[in-house]
Novice: 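Let me begin by handing over the structure; questions about it come next.
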There are 2 protein chains.
Amino acid sequence: MSFSSKQELNLHKRNACTFAGCGKRFGSHKYLLQHRRVHLDDRPLKCPWKGCKMTFKWKWACTEHYRVHTGERPYVCPIPECGRTFRFVSDFSRHKRKTGHTK
Amino acid sequence: MSFSSKQELNLHKRNACTFAGCGKRFGSHKYLLQHRRVHLDDRPLKCPWKGCKMTFKWKWACTEHYRVHTGERPYVCPIPECGRTFRFVSDFSRHKRKTGHTK
DNA sequence: CTTTCTCTGTTTTGTC
DNA sequence: GGACAAAACAGAGAAA
DNA sequence: CTTTCTCTGTTTTGTC
DNA sequence: GGACAAAACAGAGAAA
Ligand SMILES: [Zn+2]
Ligand SMILES: [Zn+2]
Ligand SMILES: [Zn+2]
Ligand SMILES: [Zn+2]
Ligand SMILES: [Zn+2]
Ligand SMILES: [Zn+2]
Ligand SMILES: [Zn+2]
Ligand SMILES: [Zn+2]
Ligand SMILES: [Zn+2]
Ligand SMILES: [Zn+2]
Ligand SMILES: [Zn+2]
Ligand SMILES: [Zn+2]
């Protein structure tokens with residue numbers, strides 16, 4: 001880590017991103033370091049599906065994307081009369097929030 | 001302005017956006033209020049070109065977009081041997097930065 | 001790498 | 001109980 | 001409004 | 001000189 005000014009170092013210590021136009025602050029210093037990838041061009045994670053060219057910055061995005069190939073719908077509502085299934089955790093979360101279907 | 005907690009009011013006073021997942025801080029309180037539109041669905045500015053359906057949150061984006069209809073290239077490099085023209089101020093800025101073509 | 005174009009935080013300009 | 005990292009979540013939000 | 005899907009800040013889980 | 005708002009800039013960054 002190198003800093004071009006004392007001001008920048010102080011912001012870093014306060015968990016603030018110093019990329020131009022960002023200005024975000026975070027709850028942990030560890031995450032601040034992970035957040036940097038948002039501003040970098042690298043997309044190091046590749047979809048393991050043969051022939052798929054999708055790339056990602058975040059492991060979780062890659063994990064969920066892979067399900068569009070497999071068709072997997074791993075989230076199942078625990079309410080017996082409902083039984084809806086979801087491919088993405090976000091849609092499952094919304095279902096629980098809107099319907100109250102929680103065990 | 002209403003706040004759901006004292007914590008949220010304090011962040012507002014420190015020019016911090018309290019939308020979930022944002023966490024940005026800004027140089028002025030006035031801009032913090034303008035920044036909110038980033039999180040709202042409204043796109044109140046409409047392209048004035050007949051038949052164009054483009055909409056915008058920011059006036060400047062609308063102003064520059066309109067030039068794709070008119071073909072205008074209002075930015076002209078002041079160095080006589082160069083004379084390049086640009087449709088968008090950002091490209092003109094980059095030209096000056098990379099070449100040093102400044103009067 | 002390029003060009004084209006939009007988004008947005010900050011700076012500059014204009015009016016009182 | 002404590003690190004600490006990895007995984008997963010829970011929204012936001014873009015696209016159609 | 002809907003469904004599908006990606007992004008990311010925070011929370012939860014797993015290992016020592 | 002001071003507000004204060006409007007306009008414009010200067011990057012970042014997505015898309016092709
Ligand atoms: Zn550090
Ligand atoms: Zn950042
Ligand atoms: Zn894939
Ligand atoms: Zn259900
Ligand atoms: Zn206020
Ligand atoms: Zn915000
Ligand atoms: Zn238009
Ligand atoms: Zn030039
Ligand atoms: Zn674009
Ligand atoms: Zn949404
Ligand atoms: Zn998307
Ligand atoms: Zn760029």
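Computed from a prediction, not measured in an experiment: that's the story for all the values here. By convention in this document, chain letters (A, B, ...) are assigned in the order of the sequence lines, proteins followed by strands, and residues within each chain are numbered from 1.
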Novice: Could you tell me how far F:dG11 sits from E:dT10 if I compare only their C1' atoms? Round to whole Å.
Specialist: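 Each nucleotide's C1' atom is 30 Å from the other's.
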Novice: Look at A:W60 and D:dA8 and indicate whether a side-chain polar atom (N or O) is within less than 4.0 Å of OP1 or OP2.
Specialist: no
Novice: Within less than 4.0 Å of OP1 or OP2 of E:dT6, is there a side-chain N or O belonging to A:K57?
Specialist: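 Result: no.
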Novice: Could you report the tightest heavy-atom contact between A:Y75 and A:R87, atom names first, then the distance?
Specialist: CE1-O, 3.8 Å
Novice: Taking everything shown except A:R73 itself, do over 12 heavy atoms lie less than 6.0 Å from its CZ?
Specialist: yes
Novice: Give a yes/no answer on whether the side chain of B:R43 brings an N or O atom under 4.0 Å of OP1 or OP2 in C:dC7.
Specialist: yes
Novice: With a 3.5 Å cut-off and heavy atoms only, can you find an N or O donor on one side and an acceptor on the other between the side chain of B:S90 and the base of F:dA12?
Specialist: yes
Novice: For the P atoms, the ones on D:dA15 and on C:dT8, what distance do you get once it is rounded to whole angstrom?
Specialist: 12 Å
Novice: Should the ring pair B:F19 and B:H39 be called parallel, tilted or perpendicular, given that the plane angle runs from 0 to 90° and is split at 30 and 60?
Specialist: parallel
Novice: Classify B:F19 by what it touches in the nucleic acid, base, sugar-phosphate, or nothing, heavy-atom distance under 4.0 Å.
Specialist: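 Nothing, no nucleic acid heavy atom in range.
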Novice: For the NZ atom of A:K57 and the CG atom of A:D41, what is their distance to the nearest 0.5 Å?
Specialist: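 Spacing of NZ (A:K57) from CG (A:D41) equals 6.5 Å.
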Novice: Report which part of the nucleic acid B:F26 touches: base, sugar-phosphate, or nothing (heavy-atom distance under 4.0 Å, all strands).
Specialist: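 Sugar-phosphate only.
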Novice: Across the strands shown, which category fits B:Y31 at heavy-atom distances under 4.0 angstrom: base, sugar-phosphate, nothing?
Specialist: base
Novice: In whole angstrom, what separates B:R37's CZ from C:dT6's C1'?
Specialist: 14 Å
Novice: Over 60° means perpendicular and under 30° means parallel, so classify the ring planes of B:H35 and B:Y31, tilted if in between.
Specialist: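 Geometry flag for B:H35 against B:Y31: tilted rings.
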Novice: Taking only side-chain N and O atoms of A:R87, does any of them lie within less than 4.0 angstrom of OP1 or OP2 on E:dC5?
Specialist: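 The answer is yes; a side-chain N or O of A:R87 sits under 4.0 Å from OP1 or OP2.
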Novice: Atom CG of A:L45 and atom C1' of E:dT6: how far apart are they, to the nearest Å?
Specialist: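 Going from A:L45 (CG) to E:dT6 (C1'), I get 13 Å.
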Novice: Using atom C1' in both nucleotides, what's the gap between F:dA14 and E:dT6 to the nearest angstrom?
Specialist: 15 Å
Novice: D:dA7 C1' sits how many Å from A:Y66 OH, rounded?
Specialist: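 So the two atoms are 18 Å apart, to the nearest Å.
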Novice: Less than 4.0 angstrom between a side-chain N/O of A:K24 and OP1 or OP2 of E:dG9, yes or no?
Specialist: yes
Novice: Is it the case that one hydrophobic cluster holds both A:W58 and A:F26, taking links as side-chain heavy atoms less than 4.5 Å apart, direct or via other members?
Specialist: yes
Novice: Could you tell me whether A:D41 contacts a base, only the sugar-phosphate backbone, or nothing, with contacts defined as non-hydrogen atoms closer than 4.0 Å?
Specialist: nothing
Novice: Strictly below 4.0 Å: does B:K59 bring a side-chain N or O up to OP1 or OP2 of F:dA6?
Specialist: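 So the side-chain polar atoms of B:K59 never come under 4.0 Å of the phosphate oxygens OP1 or OP2 of F:dA6.
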Novice: Measure the distance from CG on B:L33 to C1' on C:dG9 and round it to the nearest whole Å.
Specialist: 14 Å
Novice: E:dC5 C1' sits how many Å from A:E64 CD, rounded?
Specialist: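 Taking CD of A:E64 and C1' of E:dC5, I get 9 Å after rounding.
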Novice: Roughly how far, to the nearest 0.5 Å, is the CH2 atom of A:W49 from the OG1 atom of A:T70?
Specialist: 7.0 Å
Novice: For F:dG13, take OP1 and OP2 only and decide whether either is under 4.0 Å from a side-chain N or O of A:H39.
Specialist: yes
Novice: Please report, rounded to the nearest Å, how far the P atom of D:dA15 is from the CZ atom of A:F88.
Specialist: 16 Å
Novice: Report the residue (A:V68 or B:C22) whose heavy-atom-nearest nucleotide on DNA chain E is the more 5′ of the two.
Specialist: A:V68
Novice: Report yes or no: does B:R67 contribute a side-chain atom to a donor-acceptor pair with the main-chain N or O of B:E64 at less than 3.5 Å?
Specialist: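 It does not hold such a pair.
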Novice: Is any side-chain N or O of A:R97 closer than 4.0 Å to OP1 or OP2 of D:dG11?
Specialist: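 A:R97 to D:dG11 OP1/OP2: side-chain N or O found under 4.0 Å.
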Novice: For DNA chain D, report each stem as range with range, ordered by first number, or say none. Use Watson-Crick or G-U wobble pairs under 3.5 Å, at least 3 in a row.
Specialist: D:2-16 with E:2-16
Novice: At under 4.0 Å between heavy atoms, what does A:F92 touch on the DNA or RNA strands: base, sugar-phosphate, or nothing?
Specialist: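 It contacts nothing in the nucleic acid.
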Novice: Quick one: which of E:dT10, C:dG9, D:dA10 gets closest to the side chain of A:V89?
Specialist: D:dA10
Novice: Under 4.0 Å between a side-chain N/O of B:Y75 and OP1 or OP2 of F:dC9, yes or no?
Specialist: yes
Novice: Are B:H65 and C:dC5 close enough that a side-chain N or O sits under 4.0 Å from OP1 or OP2?
Specialist: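 So the side-chain polar atoms of B:H65 never come under 4.0 Å of the phosphate oxygens OP1 or OP2 of C:dC5.
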Novice: Please state whether the base of D:dG11 and the side chain of A:S93 form at least one donor-acceptor pair under 3.5 Å?
Specialist: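 In this structure, the two groups form no donor-acceptor pair.
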Novice: Fit a plane to each ring of A:F56 and A:H65, take the angle between them on a 0 to 90° scale, and name the class: parallel (under 30°), tilted (30 to 60°) or perpendicular (over 60°).
Specialist: tilted
Novice: Could you tell me the separation between the NZ atom of A:K30 and the P atom of D:dC4, rounded to a whole number of Å?
Specialist: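 So the NZ-P distance, A:K30 to D:dC4, works out to 7 Å.
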Novice: Can you tell me the distance, in whole Å, between the CZ atom of A:R84 and the P atom of E:dT2?
Specialist: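 It is 11 Å, rounded to the nearest whole Å.
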Novice: Would you say A:W58 places a side-chain N or O within less than 4.0 Å of OP1 or OP2 belonging to E:dC7?
Specialist: no
Novice: Mark yes when over 12 heavy atoms from residues, nucleotides or ligands other than A:R14 sit less than 6.0 Å from its CZ; otherwise mark no.
Specialist: no
